[in-house]
Amino acid sequence: MPKNKKPAGGRPAQNFDPRYAKKRAGGPFRGNDSRSDRPAFERPARDGERPRYDRTERPRFERDARPARDGERRSFDRPQRDDRPRFGDRTDRPRFDRDARPARDGERRSVDRPARDGERRSFDRPARDGERRSFDRPQREDRPRFGDRAERPRFDRADRPARDGERRSFDRPAREGERRSFDRADRPARDGERPRYDRAERPRFDRADRPARDGERPRFDRADRAERPRFDRADRPARDGERPRFDRADRPQREERPRFGDRADRPARDGERPRFDRADRPARDDRPQREERPARSFNNDGERKWAERREERPVRTKAHEDRIDVVHERLEAQAVQADEVSDVTFGDLGFGDNIVRALAGLGAEKPFPIQASTAPSILEGRDVLARGRTGSGKTIAFGAPLVERILRSKAGVKREFGRAPVALIMAPTRELALQIDRTVQTIARSVGLFTTQIYGGVPQARQVGALKKGVDIVIGTPGRIGDLAKQGKLDLSKIVVSVLDEADHMCELGFLEPVQEILRQTADGGQKLLFSATLDREVAALVDEFLVDPQVYEVAGETQETGTIEHRVLVVEHREKAGILDTLVDREGKTLVFTRTRAYAEMLAEQFEEAGIDAISLHGDLNQQKRTRNIERFSKGRARVLVATDVAARGIHVDDVDLVIQADAPDEYKTYLHRAGRTGRAGNAGRVVTLIPRQRRRRMTEMLERAEIEAPFDDVRAGDDILDELTGGMTLADLTA
DNA sequence: CCCACAA
């Protein structure tokens, strides 16, 4: 029996040991030492003398050491709980310090945010005698604070460099004669042991090398088959009203074409601000040097320190600039005219009645341009790249044809228990994956296909259970999908259609590799569909490896200028920012506030709450249950303000968000476009207000240029009338006025 | 630096 295993019938009392009791029974008398210099109590007892008790050795009277009297209740009769010290141990255990234990699920802790102005916090006072405080030691940069455990990656000894003097068996070559379990190849075979199997040495099995078995079809040989003529539109006369075919050979060479975002090459449009030209600005030496500028004061608002440090960096290197906002070349696309497809119905596109009805149930009576233009290619099985403005209906654009295609490929095939999925949809956040599933599942169910969500932050069991039963379409995030695939619980080998939503984002650092790993496990030659509102050359990493002759689509004339969003920039003093934000969110409609960090999102939500505004937060520090609940509360209007990090920047659809506030300006123009796209959806009006400090004006101007957005800048003080204007509702009429 | 993405 293992030592820690409790014997049946209850554990013995902690401080009751029968052996101890027995020894004691022999008497406490110390014995035979007769040296005279010993104190009286250490010499043998004199005649008639009562033996002296040694207090230190004598058993203390222990209630627990005697058998229980009739009916006496004793604390040790119940099993001891492991997680709780026994009563009476109080002095032995450290003082309970809430900050010293990891935060419970969803628990908000004051230490996680910077102190507010004038706020007194218990840890601002010196520690009391003997008080243990987790924050008493200087925080090491390289170590997460205690309590962050859930957020940091699992510790793996092999993954970290060996510490000084640490011996690691796997770091050194095997010593002579040392047997290492993991390397059989290095030692001679033992008696009777079969030689080690070496994959590389064995001949590859080739069916071509053996005679065909009875009834076996001859092996298909690509080289042997007749050359099929490629279908070429150029070879047939143009149909009525057909636009002439775009011919790559006819277009100017890459170098000659204007780069996307290069306004310098075209004449200024009406009322357009002149382009900022680096060459025109005063030389660096003419501008005030760093030393001449007023000293900065630092408070404990880490947010601000970081922002200022960056704003005031005197010289930004090219590399730094690139890291902040990489502008990739726009992909050459077939621009479909919206009116070209305005009369098409979902039925015309080739969708069956069930799917058409399901789409109508989702509110999609007739196809949006992006849907009408991409559907034929997707149904044909071609690889497709599609760019469609935020809120233009991309989910249905890939979801509906994907279901239709799978349905056709499964015609007449029985739905098998435990079948592997044939389609995969990946998104960068769990909320987006969930949202996509709500749409795709509705369409899939209408024709008897099953979807399942595979994303992190929730137990695996249910997801694995669903996979065991068998599903057709998997929708999720790369982390958990890769995880389950690695564990052998998700078979990707039958995936013939893969979709990447927010594809350019999925190609960014941190996402690209897991995504590649996953796509490599899918069926060879499977169809790939890449969608995003900001699709650009960044997806080249995936296109080159996985896509074959992709069709690229966008809808003509879908620029920001033709959108339904009004953009404003407010230049504010840092010390007035909080008050101005309070004023801006105190309004009737739904307001979405973006911050750069999770801590600031949390802090702002608290700030608004304290100002009496129903606000909640959404960021990666919350557990999934809270994330899901909070976004639902916002969707249903039970909270009118949501403060979020960029976890909510892409793809998330919430009805009727008519104001987006960027409490921190984004670093990338793409981020700006996606955040802004949370409002003005499906033709509704919306407004985006971005707060910036004075020193950020230039960067902001450049970013707006890249995004091709026109936005007036206003210097704003707390209490200015303009704030009330901006909090009013937006209508389409306001936009044109 | 930050934000996402697995435990």
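Residue numbers begin at 1 in each chain, while the letters A, B, ... track the order of the sequences.
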Taken to the nearest whole Å, CZ/A:R598 to C1'/B:dC2 is 9 Å
Output the rounded distance in Å from CG (A:L432) to P (B:dA4).
14 Å
What residues form a ring-ring contact (aromatic ring centres under 6.0 Å, His included) with A:F511, not counting sequence neighbours?
A:H505
A:P514 near the nucleic acid: base, sugar-phosphate alone, or nothing, with a heavy-atom cut-off under 4.0 Å?
nothing
Residue list, salt bridge (charged side-chain N to carboxylate O under 4.0 Å, His left out) with A:R678, at least two apart or on another chain
none
Report the distance from atom CG of A:L622 to atom P of B:dC3, rounded to the nearest whole Å.
12 Å
Are side-chain N/O atoms of A:Q624 and A:T628 paired as donor and acceptor at under 3.5 Å?
yes
Would you mind checking if A:D536 and A:K670 are paired as a salt bridge, meaning a charged N to carboxylate O distance below 4.0 Å?
yes
Restricting to pairs with a member in residues 458-494 of chain A, which pass ring pair (Phe, Tyr, Trp, His ring centres under 6.0 Å), not counting sequence neighbours?
none
Separation of A:L500 atom CG from B:dC5 atom C1', in whole Å?
13 Å
Listed by chain and number, what are the ring-ring contact (aromatic ring centres under 6.0 Å, His included) partners of A:H567, not counting sequence neighbours?
A:Y672
Measure CG/A:L512 against C1'/B:dA4 and give the value in whole Å, please.
14 Å
Please give, in whole Å, the distance from B:dC2 P to A:H674 NE2?
22 Å
Can you tell me the distance, in whole Å, between the CD atom of A:E431 and the C1' atom of B:dC3?
13 Å
Should A:R387 and A:D504 count as an ion pair when the cut-off is N to O under 4.0 Å?
no
May I ask you to verify if any side-chain N or O of A:T477 is less than 4.0 angstrom from the OP1 or OP2 atom of B:dA6?
yes
Before accepting this row, confirm whether a basic side-chain N of the pair A:R430/A:D437 lies closer than 4.0 Å to the acidic partner's carboxylate O.
no
Could you list by number each residue of residues 451-476 of chain A showing a heavy-atom separation from DNA chain B of less than 4.0 Å, or answer none if no residue does?
A:Y455, A:G456, A:G457, A:V458
How is A:H505 classified with respect to the nucleic acid when contacts are heavy atoms under 4.0 Å: base, sugar-phosphate, or nothing?
nothing
How close or far is atom C1' of B:dA6 from atom CD of A:Q624, stated in whole angstroms?
13 Å
Verify the contact: side-chain N or O of A:R596 to OP1 or OP2 of B:dA4, cut-off strictly under 4.0 Å; return yes or no.
no
B:dC5 OP1/OP2 closer than 4.0 Å to side-chain N/O of A:R430
yes
Looking at A:V593, A:L691, A:V716, which hits side-chain contact (heavy atoms from CB on, under 4.5 Å) with A:L584?
A:L691
Near DNA chain B, under 4.0 Å by heavy atom, which residues of residues 645-655 of chain A?
A:T645, A:V647
